[in-house]
Amino acid sequence: MLRLYNFHKEAFMNSEKKTEVKEGFIELRHTSSHILAQAVKRLYPDAKLGIGPAIEDGFYYDFYVDKPFTPDDLVRIEEEMKKIVDADYKLERFTLQKEDAIKFLEELDEPFKIELAREIDGEISFYRQGEFVDMCAGPHIESTGGVKYFKLLSTSGAYWRGDEHNPMMQRIYGTSFYTKEELDNYLSFLEEAKKRDHRILGRELDLYSTHEEVGPGLIMWHPNGAIIRNTIEDLWRKEHLKHGYKLVYTPHIASEKIYQISGHLENYAESMYAPIQIDTARYRLKPMNCPGHILIYKTKQRSYRDLPIRYAELGTVYRYERIGTLHGMLRVRGFTQDDAHIFCREDQLLDEIRGVIRFMDFFMKTFRYEYKPYLSTRPEKYIGTDEIWDMATKALKEALRLEGMDYELDEGGGVFYGPKIDIKLIDALGREWQGPTIQVDFNLPERFDVNYTGSDGKEHRVVMIHRTVLGSMERFVGGLIEHYAGKFPLWLAPIQVVVIPISDRHNERAIEVKDRLFENNIRVELDDRNEKVNYKVREAIVKKVPYIIVIGDREVEDNTLSVRTISKDLGSFSLESFIDRVKEEIEKKL
RNA sequence: GCCCACAUAGCUCAGUAGGUAGAGCGUAUCCUUGGUAAGGAUAAGGUCACCGGUUCGAUCCCGGUUGUGGGCUCCA
């Protein structure tokens, strides 16, 4: 399991039980899943058993049943489980030789288990608790009485063995803990997580919306969301220019020709939208930015002295994603990648990758993310020679080592055209989403014949790196909303300061203050509505505005500002010192 | 795409044995000029997602569509 971005969830879950043996959960939850299966078998004798593992936050069990489980069924099952816990059955392990095990499972009429048993060599272990027996590697706790604090959470469909051509099982998810406190903590964590869901906060903070009339997976950025995005994009452009990238723009549609050359039509047609007929040619919505950047590169002969060439674009792409996979801003059909392509010589590859890692690290730190990279190596289906794969994989590994990065290896997880480094974003519930990525590509330079002239006067194939340092604007901002729980740091906050006059006679001064802040490029709003201070302060807090200024008789008289944040009163400031403070914090991105 | 669930006012939700609907918040207007997390009154606001069917009559029952949620699969 990957766990990159420092997370509230981790912080939450670890706070209570840092010293506790975390491994102990595997046994507990594994036994919990057996109790679940036993209860289901009692209530639905025809249910066939799939698999029932312990997972990070709990456990599940897959059943093959005629009718899917309803929420009411879950209540009944949970009650039956309680009886099993109270009965405190011992879990008895026994083993059978493969043939006997299969015969045994045939008697039990468990076709899915038989399928699994056939793939196991040697002895097969079983666990018995009361009348219930399950083929299982274990381990388990001693008896069912140990599972006191559990709860069934949800049901869903799940393909047998994760293959969509297989029958659909019905999965029941649950969780269990050793103490009531832990269980309650976990359940309240789930409640809290809902509140930081970017889809909820996105509406509450007026950041974005989606519309049936526009289509699913297509994001409308409201002013508050747009200013956050724009602030990030400004930084992104500035830093890219500083780091030797050149900014380019490419069109949103392109003739199919380019995707024939790139191979996208051949390999990724499923993810591309249907052609648009224009005059005599067929056009496609752009699913990737790379072909465009390659064409720009190829408009001239390039010398080895010109390399590396780095083209960057906040490029909007459109990809067909299956409807059931869409999710708020995190999985959409139209999105803007913070894309760049580096064309370099083989001998520059290592330095270029190191540069990208450092650059990506700069962005992650700017947003106060902790992260961990994953290195994905050669998959089963691939193009290019073994030598070039080894060279590129070695370069990625070496770059990670030289930059002092811990990483995990995802053996065979690379793309067919090259190995890559991935960073995952984690949402409020701990689900992972692909974020920044650094990919070496052997395919496109071949297909487009992308070359440079070497010092030997001969043509050489360029090495290409695709990379994003954020991922996409949609996913990144969606992730940020959850990361900050809507409480954006000052430099990103859509409204940085609210000025609240206490009564009408303070409006004049309040307007003056607002104007002065505005002149200093501070995002300020005046709340001169006919409401009480309490009311306006509360609303500013709910909107998570970092600084709230109150102006009444005292402030007008002393020529000061009364300043508070969401959580504490900062006391009195002169206008100038407040402006200095705010500007400094924005500058430092605190 | 697959399994299940859901869709009532801008938001959160209630409701109807089938007789075209309510609350709180928000919005507007008025009163109130109030010192750091909700002052008061009045009003406006709904083709009960959409399309069909059953029925004298459908927001409610049935079917379909669209969208949303939790998973599964997928994710260049």
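Chain A is the first sequence line, chain B the second, and so forth, proteins listed ahead of strands; every chain is numbered from 1. Keep in mind that this is a model prediction, so the values were computed, not measured. Both backbone and side-chain heavy atoms feed into the values below; hydrogens, waters and symmetry mates do not.
G552(A) comes within 4.0 angstrom of a base, heavy atoms only. Note on Y417(A): only backbone sugar-phosphate atoms sit closer than 4.0 angstrom, heavy atoms only; bases stay farther off. Across all strands shown, R319(A) has heavy atoms under 4.0 Å from base atoms, whether or not it also approaches the sugar-phosphate. Note on N534(A): only backbone sugar-phosphate atoms sit closer than 4.0 angstrom, heavy atoms only; bases stay farther off. At the heavy-atom level, R564(A) lies under 4.0 Å from base atoms of the strands shown. Contact annotation for V550(A): base contact, defined as any heavy-atom pair under 4.0 Å involving a base atom. Using a 4.0 Å heavy-atom distance criterion, N267(A) is classed as making no nucleic acid contact. Q337(A) comes within 4.0 angstrom of nothing in the nucleic acid, heavy atoms only. If you check every strand for non-hydrogen atoms under 4.0 Å, R199(A) touches sugar and phosphate atoms only. Residue contacts shown for Q439(A) are limited to sugar-phosphate atoms, with no base heavy atom under 4.0 Å away. Residue Y173(A) is in sugar-phosphate contact alone, with no base atom involved, counting any heavy-atom pair closer than 4.0 Å across all strands shown.
Comparing I551(A) and H327(A) by the nucleotide of RNA chain B that holds the closest heavy atom to each, the one mapping nearer the 5' end is I551(A). With RNA chain B read from its 5' end, the first of the two nearest nucleotides for I200(A) and R331(A) is the one closest to I200(A).
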I'd like a table of atom pairs between the protein and nucleotides 63-66 of chain B - only N or O on both sides, under 3.5 Å - with the distance next to each one.
residue : atom : partner : partner atom : Å
rU66(B) : O2'  : E212(A) : OE2          : 2.4

N/O to N/O distances under 3.5 Å, protein versus nucleotides 26-28 of chain B:
residue : atom : partner : partner atom : Å
rG26(B) : OP1  : Y535(A) : OH           : 2.8

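Across rA37(B), rC3(B), rU33(B), the shortest atom-to-atom separation from the side chain of M168(A) is found for rC3(B). Set against rG71(B), rA37(B), rU36(B), the side chain of V533(A) has rU36(B) as its closest nucleotide. Here the nucleotide nearest the side chain of H264(A), chosen from rU12(B), rA76(B), rG1(B), is rA76(B). In this structure, of rG1(B), rA37(B), rG70(B), it is rA37(B) that holds the atom nearest to the side chain of I541(A). You'll find that the side chain of M288(A) is closest to rA76(B), out of rG71(B), rA76(B), rU36(B). Candidate nucleotides rG1(B), rA76(B), rG70(B) were compared by shortest atom distance to the side chain of S154(A), and rG70(B) ranks first. Among rU33(B), rA38(B), rC72(B), the nucleotide with an atom closest to any side-chain atom of S503(A) is rU33(B). Of the listed nucleotides (rU33(B), rG71(B), rA38(B)), rG71(B) has the atom at the smallest distance from the side chain of R171(A).
A straight line from CD of Q434(A) to C1' of rA76(B) spans 11 Å, rounded to a whole angstrom. Atom CD1 of I323(A) is separated from atom P of rG70(B) by 14 Å (rounded to the nearest Å). Taking atom CG of residue L429(A) and atom C1' of nucleotide rG70(B), one finds them 10 Å apart after rounding to whole Å. Summarising the geometry, the separation between CD on E204(A) and P on rU12(B) is reported as 9 Å, rounded to the nearest angstrom. Rounded to whole Å, the distance from OH on Y273(A) to C1' on rA76(B) is 14 Å. Between F69(A) atom CZ and rA5(B) atom P the separation is 13 Å, expressed in whole Å. Nucleotide rU36(B) holds its C1' atom 16 Å from the OH atom of Y547(A), rounded to whole Å.
Contact annotation: side chain of Y159(A) to base of rG1(B), donor-acceptor pair present below 3.5 Å. Below the 3.5 angstrom threshold, one finds a donor paired with an acceptor across the side chain of S562(A) and the base of rU36(B).
Classified by interplanar angle (parallel below 30°, tilted 30° to 60°, perpendicular above 60°), the ring pair W389(A)/Y382(A) is perpendicular. Ring geometry for H198(A) versus H327(A): interplanar angle of 30 to 60°, hence tilted.
Taking atom P in both rA21(B) and rC4(B), the straight-line distance is 34 Å, to the nearest Å. For the P atom pair drawn from rA44(B) and rU29(B), the interatomic distance equals 15 Å after rounding to whole Å. Rounded to whole Å, the separation between the P atoms of rA76(B) and rU27(B) comes to 45 Å. Annotation: rG26(B) and rG53(B) have their P atoms spaced 43 Å apart (nearest Å). rG46(B) and rU8(B) have their C1' atoms separated by 8 Å, with the value rounded to a whole Å. To the nearest whole angstrom, the two C1' atoms, one in rG1(B) and one in rU55(B), are 37 Å apart. Remark: the separation of the P atoms in rG70(B) and rG34(B) is 48 Å, to the nearest Å. Rounded to the nearest Å, the gap between the C1' atom of rC11(B) and that of rU68(B) is 16 Å.
The neighbour count for K151(A) NZ, taken as heavy atoms of other residues, nucleotides or ligands under 6.0 Å away, does not exceed 12. Applying the 6.0 Å contact sphere to CD of E119(A) captures more than 12 heavy atoms from other residues, nucleotides or ligands.
Taking the centre and axis of the six-membered ring of F177(A), the NZ or CZ atom of R29(A) falls inside the cone set by 45° and 6.0 Å.
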Subject >> Pair E539(A)-K536(A), salt bridge (Lys or Arg N to Asp or Glu O under 4.0 Å): steps then yes or no >> reply: CA-CA 5 Å; E539(A) 199 168 279; K536(A) 294 198 264 194; over 6 Å; no

Original post:
Can R564(A) and D569(A) be said to form a salt bridge (Lys or Arg N to Asp or Glu O under 4.0 Å), step by step?
Top reply: CA-CA 4 Å; R564(A) 64 163 292 163; D569(A) 189 355; over 6 Å; no

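Using a 4.0 Å cut-off between charged nitrogen and carboxylate oxygen, R447(A) and E266(A) count as a salt-bridge pair. D339(A) and R467(A) are not joined by a salt bridge, as no carboxylate oxygen comes within less than 4.0 angstrom of a charged side-chain nitrogen. Comment: R284(A) engages E256(A) in a salt bridge, judged by a side-chain N to carboxylate O separation of less than 4.0 angstrom. With salt bridges taken as basic N to acidic carboxylate O contacts below 4.0 Å, one links K286(A) and E313(A). Using a cutoff of 4.0 Å between basic side-chain nitrogens and carboxylate oxygens, K41(A) and E110(A) are scored as salt-bridged. Remark: R199(A) engages D197(A) in a salt bridge, criterion side-chain N to carboxylate O under 4.0 Å.
Side-chain atoms of D62(A) never come within 3.5 Å of backbone atoms of M169(A) as a donor-acceptor pair (strictly under, hydrogens ignored).
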Original post:
Where does RNA chain B pair, written as one dot-bracket string 5' to 3', with Watson-Crick or G-U pairs under 3.5 Å, ( ) inside the strand, [ ] for crossing pairs and | for another strand?
Top reply: (((((((..((((.....[..)))).(((((.......))))).....(((((..]....))))))))))))....

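When each of F59(A), Y61(A), Y60(A), F150(A) is checked for a ring-ring contact (aromatic ring centres under 6.0 Å, His included) with Y173(A), only Y60(A) meets the rule.
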